[in-house]
Amino acid sequence: MAMTSPSDPFRIQQGLKYLRLHITNFLSYQSAVLDLADLVALVGPNATGKSNAVAAIKLLREIPIHGLPIAIARRGGFDQLRHRSSGRPYNPALRLDFQFDNEPISYYELKLRGLEGKRYEVKQERGSIFLRGDRYTFINKGGELTYNEKEEGGAVHTNGDRKIPVPVGQSAVSFPATFGIYIVTRILQLMQTVEINPALVGELQEPSSTREFEPDGSNAASMFEELNSETRSELVDELAAIVPGIRRIELRRLADKVTLAFVQEVSQGKRREFLAKQMSDGTLRAFSILLSMLQENRPALLVIEEPEIAIHLGALRTLVDIFRQQSESTQVLITTHSADIVDTIDIDALRVVWTEDGASRIAPVAEHTREPVRQGLITPGQLLRSDSLDPELS
Ligand SMILES: Nc1ncnc2c1ncn2[C@@H]1O[C@H](COP(=O)(O)OP(=O)(O)O)[C@@H](O)[C@H]1O
Ligand SMILES: [Mg+2]
């Protein structure tokens with residue numbers, strides 16, 4: 001089914017899979033690889049580096065949106081962002097591998113270098129993309145961009161020896177001068193992070209015409225209103241599986257603000273309407289997570305930090321089931337330290353995060369630990385509770 005949509009005119013979202021993220025000298029990471037899949041959970045105790053891996057994804061996403069300097073400033077500045085151990089700062093690098101259908105593996109890589117006085121420069125930035133039989137490459141070295149785009153028919157577009165300048169401290173990805181770079185900007189922006197603030201979902205909201213879900217849920221009412229009626233009832237059904245009794249959700253306008261009304265069956269056949277403000281934090285979180293997943297312009301990768309917050313066990317199971325159902329079109333990455341969540345996830349989809357010699361590490365669960373789980377002798381959650389969810393050491 002090769003359909004184009006206004007939000008995805010070049011069908012970049014179709015057949016796209018994020019494969020892995022290489023994190024080098026970034027925050028608590030020295031060198032780590034996060035393998036992605038349709039549904040993956042980063043599991044580990046507090047302060048091991050789960051959120052720092054998410055921060056790497058946020059940085060990448062924000063480069064095309066805000067430009068590199070602002071994306072870095074939003075993470076606390078270059079000096080905070082580079083890995084430090086024994087006081088020594090290192091040069092950070094991120095690389096994202098992805099793939100379209102059965103094409104060869106594509107990647108985008110960004111390497112930064114520290115300069116005097118907390119400043120930085122782009123040391124090297126490159127991309128190599130295989131899309132529908134064509135290959136697109138670009139390289140930005142020291143602020144000079146070279147590109148090559150080779151079409152299947154044989155036509156080659158290149159700037160040859162003529163270098164295209166990239167502004168100092170900026171990324172080529174903030175200025176999509178070529179189709180290959182444009183593809184990367186889409187790939188990066190199609191990764192979205194959700195950090196719901198139930199208080200903001202409950203408050204009266206400014207009506208917004210934005211088409212993109214705010215990570216804190218602060219435009220949830222307008223986003224819900226923009227869904228088509230089919231998706232709206234899908235969302236209501238899914239929420240009802242998590243919060244029994246939910247029958248309808250509607251937009252309410254109060255003065256110049258908007259909010260949502262939840263129609264709930266309180267006893268046999270008796271319905272009552274509650275404004276978002278009156279709903280529980282758990283309901284507002286579950287609702288907003290579902291909304292982020294079903295929004296009109298669906299992300300290709302949705303990152304959800306600690307979905308267990310304020311959501312009870314039965315609801316969590318349902319939520320993870322929904323993630324799994326949607327994961328064919330939207331890959332999901334969650335962070336968690338909940339044994340209950342871990343029990344709902346396939347042992348092969350767990351990624352253990354731990355700290356070793358002052359640096360964060362990520363690895364799948366060790367094979368010797370997976371086997372008893374496959375045989376049904378123990379659950380992943382039991383392993384986590386007894387501190388024996390061992391990582392595969394390479
Ligand atoms: N630039 C840095 N270099 C080394 N370690 C860092 C850096 N920035 C943050 N950290 C470490 O990362 C830890 C927090 O990791 P985080 O990803 O937030 O943990 P969690 O697994 O709980 O989400 C902090 O304890 C801090 O020591
Ligand atoms: Mg965290």
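No experiment lies behind these values; they were computed from the predicted model shown. Whatever order the structure lists them in is the order used to number ligands and atoms, beginning at 1.
For residue Ser51, an N/O/S atom approaches the Mg ion (ligand 2) to within less than 2.8 Å.
Under 4.0 Å is where a charged nitrogen must lie from a carboxylate oxygen, and between Asp343 and Arg317 no such pair does. A salt bridge is defined here as a Lys NZ or Arg NE, NH1 or NH2 lying under 4.0 Å from an Asp or Glu carboxylate O, and Arg61 with Glu212 meets this definition. Note on Arg385 versus Asp340: salt bridge recorded, some NZ/NE/NH1/NH2 to OD/OE distance being below 4.0 Å. A salt bridge does not link Glu265 to Lys270: none of the charged nitrogens lies less than 4.0 Å from a carboxylate oxygen. Between Lys58 and Glu195 there is a salt bridge, since at least one side-chain N of the basic residue sits less than 4.0 Å from a carboxylate O of the acidic one.
Closest to atom 18 (O) of ligand 1 among all protein heavy atoms lies Ser51 CB, 3.6 Å. In terms of protein heavy-atom proximity, atom 8 (N) of ligand 1 is closest to Leu27 CD2, 3.7 Å. Protein heavy atom nearest atom 5 (N) of ligand 1, with residue, atom name and distance: Ser28 CA, 3.4 Å. Residue, atom and distance of the protein heavy atom nearest to atom 20 (P) of ligand 1 are Ala47 N, 3.5 Å.
Counting only non-hydrogen atoms, the option in Asp79, Asn52, Thr48 that gets closest to atom 9 (C) of ligand 1 is Asn52.
Checked against the 6.0 Å centroid threshold, Tyr182 and Phe10 count as a close aromatic pair. With ring centers used as reference points, Phe262 lies under 6.0 Å from Phe287. Taking the six-membered ring wherever Trp is involved, the centroid distance between the rings of Phe179 and Tyr136 falls below 6.0 Å.
Taking every heavy atom of His83 and a limit of under 4.0 angstrom, the matching atoms of ligand 1 come to 3 (N), 4 (C). Heavy-atom proximity to Arg82, at under 4.0 Å, picks out these atoms of ligand 1: 1 (N), 2 (C). Near Pro45, meaning under 4.0 Å from any of its heavy atoms, are these atoms of ligand 1: 21 (O). Heavy-atom proximity to Gly49, at under 4.0 Å, picks out these atoms of ligand 1: 15 (O), 16 (P), 17 (O), 19 (O), 20 (P), 21 (O).
Counting protein heavy atoms under 4.0 angstrom from atom 11 (C) of ligand 1 gives one or more. In this structure, atom 26 (C) of ligand 1 is not in close contact with the protein, since no protein heavy atom lies within 4.0 Å of it.
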